[in-house]
Each structure stands twice: as structure tokens, then as C-alpha cells.
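In what follows, a structure is listed as C-alpha cells, so that the remarks can point back to it.
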Amino acid sequence: MGGLGVLAGIAALAALGAGQTAVVAAPGDPGTPRYQAGSDGIGDDYFPLTGNGGIDVTHYDLELRYTPPDPAPAPREGTLEATATLDLTPTQDLHQFNLDLRGLTATSVRVGRKPMAFSQVENELVVTPRPKLKTGRAVEVVVEYGGTTIRPTDIEGALYGWVTTRDGAIVVSEPDGSATWFPVNDHPRDKATYSFDITVPDGLVAVANGDLVGERSAGGWTTWSWDAPDQMAAYLATASVGNFELREYAAPNGLPIIDAIDRDLPATADDGLTQQGEMIVFFESLFGPYPFTSYGAIVDDDSVGYALETQTRPVYSRVANEGTVAHELAHQWFGNAVSPHRWQDIWLNEGWATYDSWLWTEHDGGSTAQARFNAVMNRPATSSFWNLEIADPGPFGLFAGAVYDRGAATLHALRVKIGDEAFFETAREWVTRYDDSTATTEDFEALAEEISGQDLDAFFDVWLHTPTKPTSW
Ligand code: TRP
Ligand code: ZN
């Protein structure tokens, strides 16, 4: 074990960013400190500084007070004043740990009620707890923070995170935008439960994940309280603010639905939402029980250019189309209940959600999944569409069209190859086995082989790991 310890120590040193120091543990070597600095990244090849090492956050309690921009035109800047309370369990003995926080300023950090030294370096909040933290011994970390909110963008230039709007905010954080609105271990590998108290000027509505548990007004401000009791990846958290009308009803299976529709939108903006209940029942028949305690949509009158499957309550930009609604609902099973272990596994989200929207369209009397598959395969072999290894699309390829459409085609081809029974059993077992957790492409390949009893190495090689058009499989 001594040799292994030294190797692990070197790896930990290599993972540290500039400006950090590490004290390397040497197990069994008396006199050498056992306490380490948690690394500044969780170890995702695509986003080295997202998430952090040495910590497991089990719950986030977010108290946010938000002032939207002045009515005047640009720049769109709001103000956030907040307290985040994190239940945090060290996974190693720590003299220092990091959280991700971007563009906002921490003003105090307490651990176990005592004020601690901390600093902010780029997008890392570095905390130096005293006494030091022991593996497995949970502590409460309270961060007071705030600042000016803007319209942040991801590495591709797409709006994400806490996106300030004229009358509120659209909050959608895939893949690593949660750090723009709370201190976070910003990677799906560290799921947690969440609760929210979001205070906004009277008249505005704040909508987060899960169940609405309270609404109270005082002194011109209204506090909206939400509870999200299921494990959730940070990128799926939302706290969107707008001039929303809340519509509460139930799906045919009794699941509570709360839709939040911007009052400033034309009446047709929510046409695609009318079948949400039937879609839930349809996907349950294929994939097993809906994995969370409630559902609903947020449709804002501003746009980030896309929709996001925020857990239990997807966000739509200006309009919710039926196909997109089916796609975001399917993500609740594929992406949300079971999340990508690494960002390179994104096709497991987008391929499944796209395929499931094909299945819904066929069920609803539209074109068949086979016809949609044929349309993808009609693309000429010379098209650049095929030049992506979809199980490793690169950090700039997460949302490439091929991740969606070739991902969906992969699933259709798999279904034809192993038959409906093995295919849908694989889907259901996937959700059952990895619910509340994360999984990799290799996990998926192994499960399909386990359930079908077939050797699928060549199949997955051609479909997922080769940047050319599949011709035989
Ligand atoms: N995951 C979203 C969906 O498919 C899409 C998404 C997230 C996206 N971030 C993006 C699309 C950035 C384009 C650009 O529902
Ligand atoms: Zn999607």
C-alpha cells in the first residue's frame, strides 16, 4: 500500500492548479501530515476545473435574494445576495478544499458555525477549515456571497448559468454554469438534494426544481420556497425568475404538474405542453416509473437559444414545441435520474432523449422511428455529420447535431439488432441500476451485452467510437 500511496500523491500533485500547495499523505509513515488539499477539479478530462476533489456535498440549501435589472435597456445586470448552506462530507482528510464559484464574491465562509479563512482564485473558492476536516465526518458549510448578475456564456459562447433577463432570470447551467449562481461542486458525479428560498420583488415569480412548499410576502418582497428531495446533478438546478403564471394540475397517473408560463408570451407559446401528462404515461410504459415527485415547464419570454431539461421542470426559450417537450421529458429518465459520469458520455443524454422523442412522435401518429432513422442514414458518407466520435465528441462537441441524431440512430440500430424485448429491458434496467447516480458509455455497452447475451463490441465500435458513417454492424 505504501507504493500506491506515493503514486496517488503524485497524481494529486499533478492535478493541482497554479497557486495551490499540497501536503501529500504517506499512509503508515508517522510524522508526515495526513491532511491534504482537495483538488481543484473532480477529474473530468473535458472540464479539468469543474467539480472538486475530496468532498461530497449531500445537500444545498440556497437562500437567494434577487433584484432584476432596472427597466432601462442594456446592460442587463441584476443583483444577487445569497446564503448557501452545504452539507458536506470530506472523502479525505482535508486541510483545504475548493468549491466552484464564478463571477460572484464570497463575503464570509463558516464551517461548523465558525468563520474560516478563504480566498477566491479565478472560478475557485478555496476554504481553509480549522480544525481540519476528517474523512467521513460531515460538516455544514455556510457561504454568504453575492454580486452583479450578467449573461454568462459557456465555452462555445452559448448563454448559460444565471442569465439575467429584462424582468428576471433564465437559469440553465449545462454543463458547468451552476458556479455562476452558487458555490458548488459543479459536476454530475456529486449529486445532492436541494432546497430553495428565492426572494424577488412582489409580482415576480421564482420557479425552482421539485415541489412548491411556500410563498410569503413582506415589505414588497415575495419569497418562493421549493424543495427538491431527489438526487440532482448541479447543472439541472434552476431558480428562474419572471412574470410567470403558475398552472397546477395533475398527470393522468396523479403526478403533480406545475407549469410556469410567462404572461407576456403569445397564447400559442405553450401549445406543446398540452400532452405532457400523456407523454409521462407513455414513457413510464417504456422505461418504468417517472423518477421524481413532480413535473412541469418553465416558458420564459426571453431566450438562451435552446431548452434545458432542468430536473422536474425544463426551461423553454419563448416557445415549447411538442417534439422538444417530449425530448426534455425523456431526459428525466436519461440524463437526470441517470447522469453522465464524464461529459464525454453526453450522447447517453442526447441520443436517448432524441430517440424517445421519435418514439413519442410515432406513438402520437406521426412519422415512425424507422423513418427518422432512415432520414439520418440518408446523409451521404461524405457529410461532415459523420466525422464525430460521438462517445468522445470533445468539450466543444457536446451539443453537436451528431450527438443527438447519430446517438438516436445508434439506439434504433441497437433495438433492431437485439430485438424489442432486450432493448427495452436494457433501457429499464439502465434506469433502475443507475438511478440517482451516474454511468459511462462502457457501463451502457456492458449492460446491453448482459441483457441481450450478444457480443456487441463491433456494433458499438462502429456506431460510437468511429468517426465515419456506419455501413455494416
Ligand atoms: N441539453 C440541452 C437539450 O438538449 C441542450 C443544450 C444545453 C444546448 N446547452 C446547450 C444546446 C448549448 C445548444 C447549445 O435539451
Ligand atoms: Zn437534450
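When a ligand or atom number is given, it counts from 1 through the structure's own listing order. Any value given below was found using the heavy atoms of this structure, including those in side chains, with hydrogens, waters and symmetry copies removed.
At the shortest separation from atom 12 (C) of ligand 1 among protein heavy atoms lies F399 CD1, 3.6 Å. Of the protein's non-hydrogen atoms, Y306 CD1, 3.6 Å is the one closest to atom 6 (C) of ligand 1. The protein non-hydrogen atom at the shortest distance from atom 5 (C) of ligand 1 is Y404 OH, 3.3 Å.
In terms of polar-atom proximity, A307 is counted as a contact of ligand 1, with an N or O under 3.5 Å from an N or O of the ligand. Between D154 and ligand 1, no pair of N/O atoms sits closer than 3.5 Å.
Here the N, O or S atom of H327 that is nearest to the Zn ion (ligand 2) is NE2.
The Zn ion (ligand 2) lies under 2.8 Å from an N, O or S atom belonging to E350.
The closest approach between any non-hydrogen atom of Y160 and ligand 1 is not below 4.0 Å.
Using the six-membered ring where Trp is involved, Y66 and W162 have ring planes that are perpendicular, over 60° apart on the 30 and 60° scheme.
Ion pairing between R342 and E442 holds under the 4.0 Å rule for side-chain N and carboxylate O. Look at R76 and D167 and you find no salt bridge, because none of the NZ, NE, NH1 or NH2 atoms lies under 4.0 Å from a carboxylate O.
Taking CZ of R102 as the start and CD of E124 as the end, the distance is 12.0 Å to the nearest 0.5 Å.
Among H331, E328, E174, the residue whose heavy atom sits closest to atom 7 (C) of ligand 1 is E174.
The side chain to side chain donor-acceptor pair (under 3.5 Å) test with H327 is passed by exactly one of E350, E322, E309: E350.
Counting heavy atoms of neighbouring residues, nucleotides and ligands inside a 6.0 Å radius, atom CD of E122 does not exceed 12 of them.
Side chains of Y194 and H59: a donor-acceptor N/O pair is absent below 3.5 angstrom, by distance only.
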